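A quick note: this is a predicted structure, and the numbers were derived from the prediction, not measured. Chain letters run A, B, ... following the sequence lines, proteins first and then strands; every chain starts at 1.
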Amino acid sequence: MTDAFPAGTVPNRQNGQVHLLASRTGNGEILVLSLDAEGNVAGPALRLPSHEFPGYVLGQERDRPRWVWEDTARIYPLLLAAGIRVHRAHDLRLCHAILRQSSLTQASALARAEPSRWDRAVAFEPAASASGVTLFDLFDSDGDSAAGSDTETAADGVTGRDAGSAAAGFGTQAEYRRQLDAVRASAEPGRLRLLLAAESAGALIAAEMQFAGLPWRTDVHDALLTRELGPRVAPGIRPERLENLARRIRDAVGEPGLNPDSQPDLMRALQKVGLKVTSTRAWELKELTHPVIDPLLEYKKLARLLSANGWYWMDTWIVDGRFHPEYIPGGVVTGRWATRGGGALQLPKQVRGAVVADAGWKLVVADAAQLEPRILAALSADTAMAQAGRGTDLYAGIVAGGVVETRDHAKVAMLGAMYGATSGESGRLLPRLAKAFPRALALTETAARAGERGESVTTRLGRSSPRPGERWLATQAKAYDPGATDADERRARSQARDWGRFTRNFIVQGSAAEWALCWMAEVRRELRMLPQGAQGSQWAQGASGSEFDRAPHLVFFLHDEVMVHTPAALADTVEEIIRRAADTAGRHLFGDFPVDFLLTVATVDSYAQAK
DNA sequence: TCTGCATGCAGC
DNA sequence: ACGCTGCATGCAGA
């Protein structure tokens with residue numbers, strides 16, 4: 001393995017510059033160096049004995065300790081850079097956010113307390129890219145908190161010097177105790193424990209995936225761009241094929257000076273040749289017939305490719321043959337992950353051909369088929385809907401059951417049920433779905449009504465939707481005022497329905513996100529139990545590269561899809577693990593309820609070959 | 001020149 | 001009047 005970035009370095013998110021270097025020395029110490037933007041050592045080296053890690057061990061679970069720490073996103077990248085992987089963790093920041101909001105723990109001290117430093121968002125400050133940050137900064141000071149009363153730090157827990165006095169404070173151990181209490185006293189401690197474990201495991205996975213990166217062949221990418229756009233040109237210059245298309249567009253509308261990148265100019269030009277358009281969106285243009293349409297649609301497609309995933313993108317985001325997006329667990333209200341950097345959530349199918357396994361390795365790509373409908377079936381215990389998806393494509397099963405005529409209709413209707421469609425084809429098909437699957441549809445309707453009333457809804461494992469804000473409440477209140485106008489009432493109704501569609505979707509999307517977290521956590525756990533992964537030590541082997549260079553590991557995750565980079569010889573084993581993990585996740589969430597979570601799994605050399 | 005907003009489009 | 005996103009771009013206003 002030569003094209004992963006060198007073990008022990010953390011590339012800057014923006015430009016690949018190294019700001020921090022940490023490595024494990026021969027005698028078991030962790031050595032942390034801060035480097036400036038030019039790569040010069042910026043301060044004295046910090047040495048830490050390897051047993052003095054932040055967080056503390058709670059005792060043995062299975063044979064692995066669970067580290068309890070404040071914020072995986074700030075800590076774990078540093079450990080990974082030092083060649084250290086952690087098996088289990090409890091992320092206090094992420095878990096606090098869940099418990100603070102969950103309707104299952106509203107009576108807890110944690111939920112009722114005044115806002116503390118645990119409520120202040122620190123999620124979006126990746127330590128690894130901050131210049132000059134070291135482990136020492138993170139654990140020996142209280143750098144992220146301005147509160148003077150926060151005298152206890154995480155370091156108290158490290159050495160076992162923890163004081164009983166911490167219980168009343170806002171330190172790590174006190175917070176952990178509050179979280180345990182909140183869970184224990186809740187109506188669903190089992191579900192919450194699973195959610196917190198899954199969320200925390202997700203945080204570990206997120207850091208590991210960012211560290212490992214997605215294998216990316218810049219030569220393949222470049223060839224693809226050249227084929228589509230023409231040879232590479234300097235930034236600001238239109239590549240050949242785009243320039244040709246621009247010329248054809250100008251000719252077709254008779255405006256030699258037209259800039260096809262300007263929406264207003266384009267609108268005016270289209271109107272002038274008699275096309276009645278209300279926007280310049282591709283789907284609207286597709287309905288029209290005019291010589292300008294074909295070249296314009298082609299232009300838009302290619303211009304998008306160039307600006308979103310062109311050479312500039314490649315130079316910015318691909319470091320040593322790997323794409324390292326930052327994953328942000330819990331970054332979406334529903335519990336889905338967000339990402340930052342390089343648009344990892346929108347990796348177009350167009351460029352997936354550049355995602356290629358290393359020589360001798362394979363990519364195992366798996367996605368959960370019709371995940372959200374299956375989740376809905378299980379959530380509502382709708383056995384008929386679960387039956388429709390048993391061992392088969394769920395939409396096909398709905399057709400087979402005579403509910404609708406085509407797979408496309410089944411899909412549109414289901415999405416409409418989960419998103420709250422009221423009109424169009426989807427709206428028309430809904431009654432038939434409601435007749436066939438009354439329990440499932442009742443659940444989505446109930447969630448929508450709750451949202452319209454301003455109430456929160458809760459996912460399978462206990463993540464609750466936020467309550468609407470002041471502005472929302474004020475708008476609703478105004479509609480009940482004696483002097484309310486029709487416009488006031490309309491606005492209030494419309495806003496209430498908006499929130500209802502949000503809560504309707506929240507419960508399904510959020511529960512699906514929980515399933516996906518459990519799935520991925522199981523995949524990770526089993527991958528790490530493979531002989532090849534466990535062989536030797538759990539530590540990186542110095543210059544020979546990290547564990548990520550030798551053993552199968554997760555490299556990508558997208559809502560209902562995971563990708564594992566694996567030595568070719570282990571691909572079959574990895575497939576089995578991924579399938580087994582899906583079943584396990586289903587049982588974790590829904591026990592014995594008979595619902596299948598089918599996967600599409602492909603072992604490929606290139607991401608483009610998957611589905 | 002900088003910033004916030006609207007548009008458009010990529011993903012699930 | 002169909003949910004959740006991230007990001008590039010152009011444009012208007014500061």
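- At whole-Å resolution of the value, CG in A:L305 and P in B:dA10 are 10 Å apart.
- A salt bridge between A:D408 and A:K411 is absent, with no side-chain N of the basic residue lying under 4.0 Å from a carboxylate O of the acidic one.
- To the nearest angstrom, P of B:dG11 lies 11 Å from CZ of A:F556.
- Using a cut-off of 4.0 Å between Lys/Arg side-chain N and Asp/Glu carboxylate O, A:E425 and A:R428 are scored as not salt-bridged.
- Following rounding to the nearest Å, A:L285 (CG) and B:dC9 (C1') show an atom-to-atom distance of 13 Å.
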Show every donor-acceptor pair shorter than 3.5 Å between a side-chain atom in residues 553-564 of chain A and any protein atom, with sequence neighbours excluded, or say none if there are none.
unit_1, atom_1, unit_2, atom_2, d
A:H553, ND1, A:F548, O, 3.2
A:H553, ND1, A:A551, O, 2.9
A:E561, OE2, A:Y607, OH, 2.5

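- A salt bridge links A:R336 with A:E372: at least one charged nitrogen is closer than 4.0 Å to a carboxylate oxygen.
- One interatomic measurement links the two molecules: CG of A:L558 to P of B:dA10, which rounds to 15 Å at whole-angstrom precision.
- Residue contacts shown for A:R490 are absent, as no nucleic acid heavy atom lies under 4.0 Å away.
- Residue A:R352 contributes atom CZ, which lies 7 Å from atom P of B:dG11 at whole-angstrom precision.
- Of the side-chain N and O atoms in A:K300, none sit less than 4.0 angstrom from OP1 or OP2 of B:dA10.
- Under the 4.0 Å criterion applied to side-chain N and carboxylate O atoms, A:D265 and A:R268 are assigned as salt-bridge partners.
- A salt bridge links A:E255 to A:K272: one of the charged nitrogens lies within less than 4.0 Å of a carboxylate oxygen.
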If a protein heavy atom is under 4.0 Å from the base, mark B; if only from the sugar-phosphate, S; if neither, -; do that for nucleotides 2-14 of chain C going 5' to 3'. BBBSBSSSSS---
